[in-house]
Amino acid sequence: MANETEVKSNFIHAIINRDLEEGKNNGLVHTRFPPEPNGYLHIGHAKAILLNFTIAKVYNGKFNLRFDDTNPVREEQEFVDSIIEDIRWLGADWEDRLYFSSDSFQVKYEFACRLIRAGRAYVCDLNPEQIREFRGTLTEPGRESPYRNRSTEINLRLFEQMRNGEFPNGSRVLRAKIDMASGNLNLRDPVLYRILHARHHRTGDSWCIYPMYDFDHPFTDAMEGITHSLCSIEYSDHRPLYDWVVDSALELFPEAVRCRSRQIEFARLNMTYTVMSKRKLRRLVEERHVQGWDDPRMPTIAGLRRRGVTPAAIADFQERAGIARSDSVIDLAMLEHCIRNDLENKAHRVMAVLDPLKVVLTNWPAGKTELLALENIPGADAGTRQVPFGREIFIEREDFMEAPPKQFFRLAPGREVRLKGAYVIRCEDAVKDAAGNITELHCTFDPQTKSGEDTSGRKIKGVIHWVSVEHAARITVRLYENLFARENPESEEDGDFTANINPDSLVTTGNVPAEPAIAAAAAGTRFQFLRKGYFYRDPADAKEGRMIFNRIVGLKDSWAKISQ
RNA sequence: UGGGGCGUCGCCAAGUCGGUAAGGCACGAGACUUUGGAUCUCGCAUGCGUUGGUUCGAGUCCAGCCGCCCCAGCCA
């Protein structure tokens, strides 16, 4: 396993290196992940989390976790809890630096007052519709608010009255005085504070005005000493405003800030066969297309975790995908590769027969059981386990063909195949029912061919997995596939994105025979079901004592390609 | 006649001062194999959106053009 993934070079490293060379920030590098607690984290967030955390680590710097909780009407404690759990699971460590934007509302209020005194902010009485009208359009400049040039005294008094709850929601806002004619809409006197008579999940009812992201975020970054504030591309247009706020803070409130924070944008993550927007993910949950935020088909951190994906695989994926500014859609196959790559040398092998066909070894003594030792991980020093073998076994139905093509190396009438870790058997007869369906196979085994002690000198190409009928444990298996059938689910060729949902994204099969060793599997254990894929004993269902295994990802199947 | 950003192999992505196109995924061929898995070897862009220009030499510099993405929340 590659536990120390090599960190690829990217444009952000180049920027930081330059800053370091120029002696900025006393050589410090400090990053942060700033989630709004209004939903679940997904793999796109994992990219941001790991990017920030890794950069801090590479440069011997620090990484903060800060909740951007400036909008009480959308945010909840439940999300704070799930986000903390997810980030911790991913392995990003913020040490003792867990912050909430709301913890410093008082200082921010003071900063706003200083902006007013400096003539850089004013209270505007325009209502939301009017503000929109005055803002102009993409191609036409805006008009200045009639309240733009109020005196400092009046502004200060009105702002205090806003804070004291004397005005209703939407009646007034605090705005920055910048440039109503700017080509960048963000600079057309952006709103800094709005009135929101709402209970905040942390500050309760102590505030009824709340800072806007564009005011709060840069200032909080500067307060925390965040040197490099990484965010996604859509914030590029906000950077001039970010700088405006930081520079103002440095000038008007130097004792409150620790550095000239700098915003750097990078492209967000997109993957084939999935959707990433919070809105769409919520719809999947609310419209019951999946069973919840942690459904293993969801790209949420909780979903990936429950699917059985490891944090190491996600980190490897993120590292391979890289960081850039261009829009991109990463092939799901890349994630799957990382998952297999990680589990290859970690997951113990075990045999389970997903679609059983009974085989009777007619020359095996009735009632005789032989214990065979099979390696837990081939080539690794991971020990062996005892696997019982007997007269009746199950094999996969697809491992037998009545009239096989020449390239089929498995069982067929008159053909031989090796049972993994056991003997070579030969198919003598296929027993059918009245309808012509094959109900069982009659085979003979060759005692000379015992695994590891083969004296027959025979070369057998095909090796298949099996489970003793008498000793089989019974498990339930959930076979997951892509949630969407289309590479780009957003495609509206069939209408809504939900029309692209893969109807076979989950197939549950019960009563699956598996070798008895699996009965000892603790919840949360990952296995490789030989020739079938990687599976995870779902901890949520294990609580009820059930043996349910989620397929994390299948094995590569070159036969599937040949047989087409 | 708004502003910002992006365009290097099917998908990602490296490409400091311009010096003659990394790597990964996918794919193909072969070797090996008691998982048609894994592993190993080999192959996979005379070309970097496009057209011109500068230069001994351009993905890297200049100019024009084309295409795609983002922005008009008192959301973040």
Side-chain angles (χ1 to χ4, degrees), chain A residues 8-11 14 17 34-36 38 68 70-71 73-75 124 126-128 131-132 135-142 169-175 181-188 190-196 209-210 212-214 216-217 231-240 265 267 272 278 317 319-338 340-341 344-345 349 351 374-375 378-379 407-410 418-422 424 449 451-452 454 460-465 487 528-533 555-563:
Chain A
K8 272 166 74 172
S9 151
N10 63 51
F11 77 99
N17 290 340
E36 181 187 17
N38 74 338
D68 236 328
T70 57
N71 187 348
V73 307
R74 327 202 309 171
E75 298 152 6
C124 181
L126 256 27
N127 64 38
I131 285 187
R132 196 186 324 121
R135 185 155 36 224
T137 69
L138 292 177
T139 53
E140 297 162 332
N169 288 357
S171 59
R172 275 176 242 260
V173 291
L174 182 72
R175 291 227 255 170
S182 172
N184 182 343
L185 290 306
N186 295 113
L187 264 22
R188 317 245 264 227
V191 173
L192 268 22
Y193 267 90
R194 76 286 215 188
I195 298 171
L196 242 34
I209 58 170
Y210 292 89
M212 296 286 289
Y213 169 88
D214 282 319
D216 185 90
H217 201 89
C231 62
S232 48
I233 287 286
E234 64 265 32
Y235 288 99
S236 299
D237 288 345
H238 296 244
R239 192 178 344 118
E265 313 87 21
T272 54
K278 262 182 195 173
F317 170 66
E319 199 52 53
R320 287 177 196 245
I323 303 294
R325 289 181 64 89
S326 51
D327 290 340
S328 62
V329 182
I330 296 175
D331 196 335
L332 218 212
M334 180 105 85
L335 208 213
E336 296 182 337
H337 169 83
C338 294
R340 293 189 193 102
N341 198 233
E344 164 71 17
N345 298 309
R349 314 284 121 121
M351 296 190 287
L374 268 75
E375 278 187 303
Q407 297 177 92
F408 186 77
F409 305 149
R410 285 111 95 151
R418 172 172 291 283
L419 296 177
K420 173 71 184 179
V424 172
T449 60
S451 187
D454 194 329
I460 302 294
K461 190 115 179 165
V463 179
I464 63 175
H465 58 101
E487 192 170 294
Q528 183 197 101
F529 285 7
L530 223 62
R531 301 208 303 138
K532 283 293 152 190
L555 254 29
K556 289 180 82 174
D557 186 356
S558 48
W559 165 245
K561 288 174 191 163
I562 297 168
S563 61

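Residue numbers begin at 1 in each chain, while the letters A, B, ... track the order of the sequences.
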Across the strands shown, which category fits A:E336 at heavy-atom distances under 4.0 angstrom: base, sugar-phosphate, nothing? nothing
Given side-chain contact (heavy atoms from CB on, under 4.5 Å), test A:R531 with A:V463 step by step and report yes or no. CA-CA 10 Å; A:R531 301 208 303 138; A:V463 179; 6.0 Å; no
Please report the distance, rounded to the nearest Å, between CZ in A:R410 and C1' in B:U35. 11 Å
Mind checking the P distance from B:U41 to B:C25? Whole angstroms is fine. 12 Å
On a whole-Å scale, what distance lies between the P atoms belonging to B:A13 and B:U8? 9 Å
Whole Å only: how far is the CG atom of A:N10 from the C1' atom of B:U16? 15 Å
Return the nearest nucleotide to the side chain of A:R531; candidates are B:U35, B:C6, B:A14. B:U35
Atom C1', compared across B:A26 and B:C11: separation rounded to whole Å: 7 Å
Base, sugar-phosphate, or nothing: which does A:I562 touch, judged by heavy atoms less than 4.0 Å apart? base
So what's B:U16 paired with, Watson-Crick or G-U wobble, going by both distances under 3.5 Å? none
Pair A:E319 + A:K8: basic N to acidic O under 4.0 Å: no
Summarise how protein sits on nucleotides 66-76 of chain B as a single string, 5' to 3': B when a protein heavy atom is under 4.0 Å from the base, S for sugar-phosphate-only contact, - for no contact. ---SBBBSBBB
Please report the distance, rounded to the nearest Å, between CD in A:E319 and C1' in B:C25. 15 Å
B:A45 -> Watson-Crick or G-U wobble partner, both distances under 3.5 Å, gives none
Evaluate the side-chain proximity of A:R325 to A:F11: yes if any heavy-atom separation is below 4.5 Å, no if none is. yes
Touch check for A:F408, heavy atoms < 4.0 angstrom, all strands: base, sugar-phosphate only, or nothing? base
Is the shortest heavy-atom distance from the side chain of A:P240 to the side chain of A:N184 under 4.5 Å? yes
Applying the 3.5 Å cut-off to both distances, the Watson-Crick or G-U partner of B:A63 turns out to be B:U51
Starting from P on B:U35, measure out to CD1 on A:I460 and report it in whole angstrom. 13 Å
What interatomic distance, in whole Å, is found between C1' of B:U34 and the corresponding atom of B:U39? 16 Å
Rounded to whole Å, NZ of A:K461 lies from P of B:G37 at a distance of 11 Å
Would you say A:S9 reaches B:G15's phosphate, i.e. side-chain N/O to OP1/OP2 under 4.0 Å? yes
Give one of base, sugar-phosphate or nothing for A:V424, where a contact means two heavy atoms less than 4.0 Å apart. nothing
Might you list the N or O atoms of the protein lying below 3.5 Å from N or O atoms in nucleotides 26-32 of chain B, with each pair's distance?
unit_1 : atom_1 : unit_2 : atom_2 : d
B:C27  : OP1    : A:K561 : NZ     : 2.7

Under 4.0 Å between a Lys/Arg side-chain N and an Asp/Glu carboxylate O for A:R349 and A:E375? no
A:Y210 versus A:R194: any side-chain heavy-atom pair under 4.5 Å? yes
Mind checking if A:P141 touches a base, just sugar-phosphate, or nothing, with heavy atoms under 4.0 Å? nothing
Just to be sure I understand the rule, does A:G462 reach a base, reach only the sugar-phosphate, or reach nothing, if contact means heavy atoms closer than 4.0 Å? nothing
Where does the angle between the aromatic ring planes of A:Y213 and A:Y235 fall among parallel (under 30°), tilted (30 to 60°) and perpendicular (over 60°)? tilted
Between A:L555 and A:G452, the residue closer to the 5' end of RNA chain B by nearest nucleotide is A:G452
Please state the P separation for the pair B:A76 and B:C17 - nearest whole angstrom. 40 Å
With side chains defined as the heavy atoms from C-beta onward, is the minimum distance between A:D216 and A:D68 less than 4.5 Å? yes
When the distance from CG of A:L332 to P of B:C12 is rounded to whole Å, what number comes out? 13 Å
Let me know the distance between CD1 of A:I464 and P of B:U35, rounded to the nearest Å. 13 Å
Grab the CG-P distance between A:N17 and B:G15 for me, whole Å please. 11 Å
Are the side chains of A:L419 and A:I464 in touch, meaning some heavy atoms are under 4.5 Å apart? yes
Mind checking the C1' distance from B:G53 to B:C6? Whole angstroms is fine. 24 Å
Could you check if the base of B:G73 is syn or anti? Syn means the glycosidic torsion is within 90 degrees of 0. syn
Given the P atoms of B:C32 and B:U20, what is the spacing between them in whole Å? 39 Å
Name the nucleic acid region contacted by A:Q407, choosing base, sugar-phosphate or nothing; use a 4.0 angstrom heavy-atom cut-off, strictly under. base
Is there a side-chain contact between A:I330 and A:F317 (heavy atoms, below 4.5 Å)? yes
If we take the P atom in both B:C62 and B:U16, what is their distance in whole Å? 14 Å
pair_partner(B:C68), Watson-Crick or wobble, both distances < 3.5 Å, evaluates to B:G5
Between A:D454 and A:R418, is the closest basic N to carboxylate O distance under 4.0 Å? yes
Please work out if A:S328 contacts a base, only the sugar-phosphate, or nothing of the nucleic acid, heavy-atom cut-off 4.0 Å. sugar-phosphate
Determine the contact category for A:I330: base if any of its heavy atoms lies under 4.0 Å from a base atom, sugar-phosphate if only primed atoms, P, OP1 or OP2 are that close, otherwise nothing. sugar-phosphate
Sequence-distant partners of A:R132, side-chain hydrogen bond (donor to acceptor under 3.5 Å, both in side chains), two or more places apart: none
Base of B:G2, side chain of A:E140 - is there a donor-acceptor contact under 3.5 Å? no
